[in-house]
Amino acid sequence: MKNNLLSLIKSKTEIRFLLVGAWNTLFGYLIFLLFLFLLEKIFNNERQIYSLSIAFSHLISVINSFIFHKVVTFVSKQKGLEIVYEFRRFFNSYIITFLLNLSLISIQVELLSLDPRIAGALSIPLCVVVTYFLLSKYSFKKT
């Protein structure tokens, strides 16, 4: 049973994406909450606080995510300068999800009066689907 599960994980990119994605989501959301906490001590404007929290946590999370998706999910073999191009594609994909996340959270906070912590959690599912599509079809596509 244990060997079957390991074989399944090794053979299925989608399963590895979900496992790595669970880690990345937890990591990114905790970093987002940390920045909310820290920036609430500096700023009074809620929009400024959650916008900066999204931006800072996004930058840190992208680096973490790139490493895990490159090594674990898509098992990319790119080396040397090709890693730079791969990271650029990866970063471009995450710019799209960053803008989507910022828009979703802003709409939920400004129009629906949700707490930014709740809005951040609610935006995760759509961002996960968009991220998988972008990473698999663009960032780490097999050439």
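Between the side chain of H58 and the main chain of T97, no donor-acceptor pair closer than 3.5 Å is present. Side chain of K70 to main chain of Q78: a donor-acceptor pair is present (N/O by atom type, distance under 3.5 Å, no hydrogens or angles). The closest donor-acceptor contact from the side chain of S139 to the backbone of R89 lies under 3.5 Å.
With rounding to the nearest 0.5 angstrom, the CZ atom of F87 is 11.0 Å from the OG atom of S93. Within the model, atoms OH of Y50 and CG of N45 stand 8.5 Å from one another, a figure rounded to the nearest 0.5 Å.
No side-chain heavy atom of V20 sits less than 4.5 Å from a side-chain heavy atom of F74. Looking at L102 and S51, their side chains come closer than 4.5 Å, going by heavy atoms from C-beta outward. For the pair L135 and Y94, the minimum side-chain heavy-atom distance is below 4.5 Å. The closest side-chain heavy-atom distance from Q48 to L39 is not below 4.5 Å.
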Take Y132 and E14 through the test side chain to side chain contact (heavy atoms under 4.5 Å, CB included) and record every step on the way to the result.
CA-CA 9 Å; Y132 178 76; E14 295 84 359; 3.4 Å; yes
Audit row: L99, I95, side chain to side chain contact (heavy atoms under 4.5 Å, CB included) steps and yes/no:
CA-CA 6 Å; L99 294 173; I95 287 173; 4.2 Å; yes
Give the C-alpha distance, both sets of side-chain angles, the deciding distance and a yes or no for ring pair (Phe, Tyr, Trp, His ring centres under 6.0 Å) between F91 and F66.
CA-CA 8 Å; F91 192 79; F66 177 74; over 10 Å; no
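Heavy-atom minimum distance, F98 versus A55: CE1-CA, 3.7 Å. Scanning both residues, P116 and V109, for their nearest heavy atoms gives CA-CG2, 3.8 Å. Summarising the geometry of T73 relative to H69, their closest heavy-atom pair is OG1-ND1, 2.9 Å, with the distance given to 0.1 Å.
Residues I118 and L100 fall into different hydrophobic clusters, defined by Ile, Leu, Val, Met, Phe, Trp and Tyr side chains chained together at heavy-atom separations under 4.5 Å. Both L52 and I60 sit in one connected hydrophobic cluster of ILVMFWY residues. Membership requires side-chain heavy atoms under 4.5 Å apart, directly or through other members. Linking Ile, Leu, Val, Met, Phe, Trp and Tyr whenever their side-chain heavy atoms come within less than 4.5 Å leaves V128 and Y138 in two separate clusters. Linking Ile, Leu, Val, Met, Phe, Trp and Tyr whenever their side-chain heavy atoms come within less than 4.5 Å leaves L114 and L104 in two separate clusters.
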Name each donor-acceptor pair under 3.5 Å that joins a side chain in residues 25-38 to protein atoms two or more places apart or in another chain, with its distance.
unit_1: T25; atom_1: OG1; unit_2: G21; atom_2: O; d: 2.7
unit_1: Y29; atom_1: OH; unit_2: R117; atom_2: O; d: 2.6

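Applying the side chain to side chain donor-acceptor pair (under 3.5 Å) definition to pairs two or more places apart or across chains, those involving residues 99-108 are N101-S123.
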